There are 2 protein chains.
Amino acid sequence: MPLLTQLQTAGLRATPKRIAIGGLLFDGVDRHVTADDVADMARKAGIKVSLATVYNTLNQFVAAGILKRIILDTDRTYFDTNVSDHHHLFYETSGDLLDVPGDSLRIEGLPAAPEGARVRAVEVVIRMSGTPVSIGSTAG
Amino acid sequence: MPLLTQLQTAGLRATPKRIAIGGLLFDGVDRHVTADDVADMARKAGIKVSLATVYNTLNQFVAAGILKRIILDTDRTYFDTNVSDHHHLFYETSGDLLDVPGDSLRIEGLPAAPEGARVRAVEVVIRMSGTPVSIGSTAG
DNA sequence: AATTATTTTAGAACAATTCTACACTGGGCT
DNA sequence: AGCCCAGTGTAGAATTGTTCTAAAATAATT
Ligand SMILES: [Mn+2]
Ligand SMILES: [Mn+2]
Ligand SMILES: [Zn+2]
Ligand SMILES: [Zn+2]
């Protein structure tokens, strides 16, 4: 679904900053970014945008359901362009985050939700040490 | 294992504050606490301890392996007296955290760790809405 | 007792995020 | 075109959990 449609569906006006930031994020590739990453991406792309607007826009995208907030680290919030149910491989030293497709893991024995409560999400985080893909290998 | 033994094993001197804070935490009940919770518990128990010491002590306990750090929320770090492999039921509105025994969940289809990387932990968080146990029910 | 190492602490510093309060835009209306 | 106004964008201040600093207190060692 094109960004403009998604914004409209979510009741967000298609403003220049939203289109610019959305364009950086929703290019078909699944991304895991921090607000700072987005600010850097914008700067490199020649988009002038304040950090406050980056935060506002990311939060609006989350509220609109076109971005997902991922919490893995106390001092860094990740935003995930993959809003489907899925899990994560987290490389703690580098901060790299990789998707694990939701249907590639099977979780058995989930407790039943008690009365008055609902399961909103089941999230699996595989915390890794070491490096995600051999960085700095001979094939460079 | 008694606290004194654990501290010694971890190379931590059995100082008054460590004994006091450890005594509050390791009483046989599994607890999920924040630094602020611990400061409050200490105050109520008549233990005079600075917040800096609470943080120092909790971090030392984590480094010593007798406490586990749990990250579920950007602005609140939980410390868990249950250091075994297990999972969590997190009630987002109240902040309540309940243990799910590690062997009550079965996770199938875990990807193999790539070369140069190791799986440090597999953590499942079941995010719940609603209330953990009917609080404010007629039976009060 | 003197010396040295460790612990404890108050308060400053830090950093990610949010808030505030004002300036700017842009589309609807005349 | 010119006005209006709700919505948008922003700088900079505020917030807040945590860490750092640097000094005081305490404990161990000689
Ligand atoms: Mn923060
Ligand atoms: Mn914080
Ligand atoms: Zn993802
Ligand atoms: Zn636990």
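What you see is a predicted model, and the numbers here were worked out from it, not measured in a lab. Residue numbers begin at 1 in each chain, while the letters A, B, ... track the order of the sequences.
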Give the rounded distance in Å between these two atoms: CZ of B:R76 and P of D:dT16.
13 Å
Which part of the nucleic acid does A:T77 contact within heavy-atom distance under 4.0 Å: base, sugar-phosphate only, or nothing?
sugar-phosphate
Aromatic ring pairing A:H32/A:H88, orientation class (parallel under 30°, perpendicular over 60°, tilted between):
perpendicular
Tell me what B:N59 touches on the nucleic acid: a base, only sugar-phosphate, or nothing, going by heavy atoms under 4.0 Å.
sugar-phosphate
In whole Å, I'd like the distance from the CZ atom of B:R13 to the C1' atom of D:dT26.
9 Å
Could you tell me whether A:R127 atom CZ has more than 12 heavy atoms of other residues or ligands within 6.0 Å of it?
yes
Quick one: which of C:dT9, D:dA11, D:dT8 gets closest to the side chain of A:A52?
D:dA11
In whole Å, what is the span from the OH atom of B:Y55 to the P atom of C:dC14?
18 Å
In whole angstroms, the gap separating C1' of D:dA28 from CD of B:Q8 amounts to 15 Å
By nearest nucleotide on DNA chain C, pick out whichever of B:L51 and B:L12 is the more 5' one.
B:L12
With a non-hydrogen cut-off below 4.0 angstrom, is A:T15 in contact with a base, only sugar-phosphate, or nothing?
sugar-phosphate
For the residue pair A:F26 and A:F61, categorise the inter-ring angle as parallel (less than 30°), tilted (30 to 60°) or perpendicular (more than 60°).
tilted
Checking side-chain contact (heavy atoms from CB on, under 4.5 Å) against A:H86, which of A:D30, A:V124, A:D80 comes through?
A:D80
